[in-house]
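All values below come from the heavy atoms of this structure, side chains included, with hydrogens, waters and symmetry mates left out.
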Amino acid sequence: MFINLLATVLFTCAVSDTTVTLDDVTVMGNDRRNYQMRSSQTGQLISNDYIETNFSGSLMQTLQGIAGVKAMSIGSGQSKPTIRGLGFNRMVVAEDGIKHEGQQWGDDHGLEIDQFSIDRLEILKGPAALLHGSDAIGGLINIYTNHIPKNKFEGNVKLFGNTNNEQIGFAAKIGGRNKRFFYRANLTLIDYADFGVPTDSIQYYSYFIRLKDQRLRNTAGFERDGGLMLGYAGYHFHTDLHITDSYSKSGFFANAHGLEVRLSDIDYDHSRRDIDLPYQSVNHFKVHSHSSWRNDRLSLELNLAYQNNLREEHSEPVSHGYMPKPKNTLERKFNKSTYTAKLGLRYSLNEKNDLSIGISSEYQDNKRGGWGFIIPDFNTLSLGVYAYDRYTLRDNLIFNYGIRYDFARTNIKEYHDWYKTPASGNDSIFMQRSATIHRVFNSLIWSAGVNYTTEQWLFKANIGKSFRIPIPKELGANGINYHIFRYERGNSQLDPEESYQLDAGINWTNKKVSIQVDPFVNYFPNYIYLNPTADYVEGLQLYHYTQSKVFRWGVEAQMVYSINKHWEAELKGEYLYARQESGEKKGYTLPFSTPFSADATIKYLFNYKGEGYISLNAHVVGRQNEIVPPEKPTAGYFLLNATAGKHFTVAKNTLRITLHVQNLLNKRYYDHTSYYRLIDVPEPGRSISFMLGYDF
């Protein structure tokens, strides 16, 4: 109802936008250097222009061209972010200062965030737990959608699409400001069909399965997003209220559930746009209040938020093991409510010292439903307090250091099957899948860093300790995960995960060349992961959660060369090494470890203002032989991608056209981090994305 009302408002109004454009990831000069001096961590500021230029479907597929950032994909519309090989609950996605809370543990759905509402975003690589709490152990994607309009009425509209999955979409933003009061509203509508792969058949274990028209059947879906923000912006005081709602529905590739192997009656090839069983639906609703007050030396900031994430998985009802045939299609349901409060204070002690202190709290309550089981009901309460100081010894030498204490309490409820299983003798019991678990965790973490710049050089280094509490799935899971083709079992005795990391950054820049090198070293005394075993439960291989010592190191490097006012070249690459130092898999790497990759891009600008451009990108990924059995090595591959765009002035406003071609040669290849490769499904074939935008 909320989205329908918003759609009516937006479609009956004219639209415009004067979004502030920030530096792209390849911009050189003083602005980029000033940003890099703000923190001793490796960070990149991503503009809205970059998101539009590299639009590739989902937000994470758009961002995975950034060194160190990858998208773990399932289906044509679903992808998870990873930073330096760490994802899920090891990194935080925050929207306007509030941690985005969905079912992060799920491997088979993406972020419930409207990428077309984003004004800009920031990526921090490495531990960000000091300011953002547990889970920010591997990095942070900080999204901003709260740009304040400058005019009485402004906005933009976008039409976009993709040839591979026949996607078509529309997005609009409007906003306005009357003296100190302002408003913003946005709407996004997306529909897509089954996506294409460059093969006529796949092998599902020992089954040979043909694909009609080289389409991965039942991977169609749609997305509906809407948002409304009202606010007041005074000289000292600012406040706004932001309401967003995101709904999506998408099919699961039928063979991922083994349904066609069971001779399902569904005609999956009837239509490319049908969403048949199995499918999932996700609705994410958020209300966020942000208020701040500041004077010359002191600033206070308060964030309050409520989020509700409702996710359902529907599948054909079939009997499995001792379970009788269910009466409906609702296999799993998760209803998660999250309440968040954050209070921060920043005070300038003097010209050299900026002190920040803060306190945050979060309460989560997650209830399950459906005839299938993977995780039980749970609730979690977490509290954190931190202090952080930024000390400027000289304009070109800045130190920062901080400390944080976190407390968390997790309660997991017991769960018994709704059907009986034969036990000893002639008895049958309602088998217990999960026991009652009460766990309390606390940790003290710290961080220290330095930034130094001189003439053309910039150096930064950061060292710190982070921690992450075990999530309820890791503690209490006990069921089948069809989408990843395994049986998962939790471990109620897991300790909090700790991490020690040293990051460094070296940058050299002149008028034509910018070189950036970012090495890091990372040690986990007790890394938590799913360990594959030789046992089988209910016909699927058993994976159980365990802990081991893990050593990781890696490097990202980038060079941008401005040849002349028309030509620009870029080279970048990344490498990650991981090794388990203890446990059953000592000597092995970690599951789904990313192989090395490199990119070379040449870009032609039609004029020095950058109003028109065309670029060609060569993307090389190495063979991944470092695996954890039963994983298999993945071959390397080479892709060509192309991008073109042009800005036009129409009636004193801006019309933008962008074209992005992925996998130009329609190569068949496998991504080592994709779960679909386990059933011989290659990555999508040639994909042409286009976007037409009008700002005014």
* Structure fact -> On a heavy-atom basis, the closest approach of Phe285 and Ile243 is CE1-CG2, 3.7 Å
* To do: Examine distances only and state if a side-chain atom of Asp680 and a backbone atom of Ile202 form a donor-acceptor pair shorter than 3.5 Å.
  => no
* Say whether Asp114 and Thr188, considering side chains only, have a donor N or O and an acceptor N or O under 3.5 Å apart. => yes
* Structure fact -> For Gly97 and Asn142 the tightest heavy-atom approach is N-OD1, 4.4 Å
* **Side-chain H-bond candidate by donor/acceptor type, Asn641 with Asn663, under 3.5 Å** => no
* To do: Determine, for Tyr613 and Lys603, whether the Lys NZ or Arg CZ falls below 6.0 Å from the six-membered ring centre while staying within 45 degrees of the axis.
  => yes
* To do: Would you check, one step at a time, whether the test side-chain hydrogen bond (donor to acceptor under 3.5 Å, both in side chains) holds for Asp200 with Gln214?
  => CA-CA 5 Å; Asp200 294 315; Gln214 296 189 333; 3.2 Å; yes
* Check the pair Ser615 / Tyr604 against side-chain contact (heavy atoms from CB on, under 4.5 Å), numbers first and verdict last. => CA-CA 6 Å; Ser615 69; Tyr604 178 78; over 6 Å; no
* Asked: Under a 4.0 Å N-O cut-off, is there an ion pair linking Arg215 with Glu166?
  -> yes
* **Asn309 side chain near Glu112 side chain, heavy-atom distance below 4.5 Å** => yes
* Asked: Does Lys125 use its side chain to pair, donor to acceptor, with the backbone of Ala67 at less than 3.5 Å?
  -> yes
* To do: Answer with yes or no whether the side chains of Asp695 and Thr654 bring together a donor and an acceptor at under 3.5 Å.
  => no
* Calculate, to the nearest 0.5 Å, the distance between atoms CD and NE2 belonging to Glu95 and His284 respectively. => 7.5 Å
* Candidate pair Phe55 and His660, rule ring-ring contact (aromatic ring centres under 6.0 Å, His included), full reasoning -> CA-CA 7 Å; Phe55 169 67; His660 186 58; 8.7 Å; no
* Is Asp269 salt-bridged to Arg217, cutoff N-O under 4.0 Å? -> yes
* Between Phe116 and Phe160, ring centroids under 6.0 Å -> yes
* Asked: Hey, are Ser246 and Asp225 close enough side-chain-wise for a donor-acceptor pair under 3.5 Å?
  -> yes
* Asked: Ion pair present between Lys70 and Glu574, side-chain N to carboxylate O less than 4.0 angstrom?
  -> yes
* Heavy-atom side-chain contact between Leu187 and Ile174 under 4.5 Å -> no
* **Distance-only donor-acceptor check, side chains Asp194 and Tyr268, under 3.5 Å** => no
* Looking only at atom types and distance, does a side-chain atom of Thr219 sit under 3.5 Å from a main-chain N or O of Phe195, one as donor and one as acceptor? -> yes
* Asked: Do Asn162 and Ser689 meet the criterion of a side-chain donor-acceptor pair at a distance under 3.5 Å?
  -> yes
* Could you state the interatomic distance from OG1 (Thr42) to CD (Glu556), rounded to the nearest 0.5 Å? -> 7.0 Å
* Can we say Arg677 and Glu631 salt-bridge, meaning some charged N sits less than 4.0 Å from an Asp/Glu carboxylate O? -> yes
* Asked: Distance-only, no hydrogens or angles: does the Asn54 side chain make a donor-acceptor pair with backbone N or O of Gly65 under 3.5 Å?
  -> no
* **Short side-chain to backbone donor-acceptor contact, Asn218 and Asp276, under 3.5 Å** => yes
* Asked: What closest approach, in Å, do Glu223 and Ile113 show between heavy atoms, and which atom pair accounts for it?
  -> OE2-O, 4.3 Å
* To do: Please round to the nearest 0.5 Å and tell me the distance separating atom OG1 of Thr634 and atom OH of Tyr669.
  => 12.5 Å
* Distance flag, aromatic centroids of Phe596 and Tyr575, threshold under 6.0 Å -> no
* **Pro81 side chain near Leu63 side chain, heavy-atom distance below 4.5 Å** => no
* Decide, yes or no, whether a salt bridge links Glu313 with Arg311 under the criterion of side-chain N to carboxylate O below 4.0 Å. => yes
* To do: Please examine the side chains of Ile141 and Val92, heavy atoms only from C-beta on, and report whether any two atoms are closer than 4.5 Å.
  => no
* Asked: Side chains of Gln280 and Glu312: is there a donor and an acceptor less than 3.5 Å apart?
  -> no
* Leu277 and Thr329: side-chain contact (heavy atoms from CB on, under 4.5 Å), yes or no, with the steps? -> CA-CA 8 Å; Leu277 295 169; Thr329 64; 3.8 Å; yes
* Asked: Does any non-hydrogen side-chain atom of Asp96 lie less than 4.5 Å from one of Tyr144?
  -> yes
* **Between Asp119 and Asn146: side-chain donor-acceptor atoms closer than 3.5 Å** => no
* Are the side chain of Arg273 and the backbone of Ala220 linked by a donor-acceptor contact shorter than 3.5 Å? -> no
* To do: To the nearest 0.5 angstrom, please state how far the NZ atom of Lys99 sits from the OG1 atom of Thr338.
  => 8.5 Å
* Give the intermediate values and the outcome of salt bridge (Lys or Arg N to Asp or Glu O under 4.0 Å) for residues Lys286 and Glu101. => CA-CA 10 Å; Lys286 182 172 75 170; Glu101 285 287 358; over 6 Å; no
* Asked: NZ of Lys646: more than 12 outside heavy atoms within 6.0 angstrom?
  -> yes
* Structure fact -> Closest non-hydrogen contact found for Asp671 with Ala71 is OD2-O, 4.2 Å
* Can you check side-chain hydrogen bond (donor to acceptor under 3.5 Å, both in side chains) on Asp49 and Ser47, steps first, answer last? -> CA-CA 5 Å; Asp49 280 350; Ser47 69; 5.0 Å; no
* Is any side-chain heavy atom of His619 less than 4.5 Å from a side-chain heavy atom of Gln662? -> no
* To do: Would you please test Ser593 and Gln624 for side-chain contact (heavy atoms from CB on, under 4.5 Å) and show each step?
  => CA-CA 8 Å; Ser593 290; Gln624 182 55 287; 4.0 Å; yes
* Answer yes or no: is there a side-chain heavy-atom contact under 4.5 Å between Ile374 and Arg332? => yes
* Structure fact -> Shortest non-hydrogen pair, Asp191 vs Phe222, comes out as OD1-CB, 3.2 Å
* To do: Please check if the side chain of Arg272 supplies one atom and the backbone of Ala193 the other of a donor-acceptor pair under 3.5 Å.
  => no
* Asked: Checking Asn666 side chain against Arg686 main chain: does a donor-acceptor pair fall under 3.5 Å?
  -> yes
* To do: Ignoring hydrogens and angles, state whether a donor on the side chain of Asn164 or Ser687 is under 3.5 Å from an acceptor on the partner side chain.
  => no
* **Worked verdict on Ile51 versus Ile46 for side-chain contact (heavy atoms from CB on, under 4.5 Å)** => CA-CA 8 Å; Ile51 296 174; Ile46 312 300; 4.3 Å; yes
* No-hydrogen, no-angle side-chain donor-acceptor test under 3.5 Å, Gln516 and Asp518 -> yes
* Any side-chain heavy-atom pair from Lys333 and Leu330 closer than 4.5 angstrom? -> yes
* Asked: To the nearest 0.5 Å, what is the distance between CG (Leu659) and OG1 (Thr643)?
  -> 8.0 Å
* **Side-chain donor or acceptor of Arg184 paired with backbone N/O of Thr145 under 3.5 Å** => yes
* Asked: Rounded to the nearest 0.5 Å, what separation is found between the CZ atom of Phe690 and the CD1 atom of Ile657?
  -> 11.0 Å
* **Minimum-distance pair of heavy atoms, taken over all atoms of Lys667 and Pro198** => O-CG, 3.5 Å
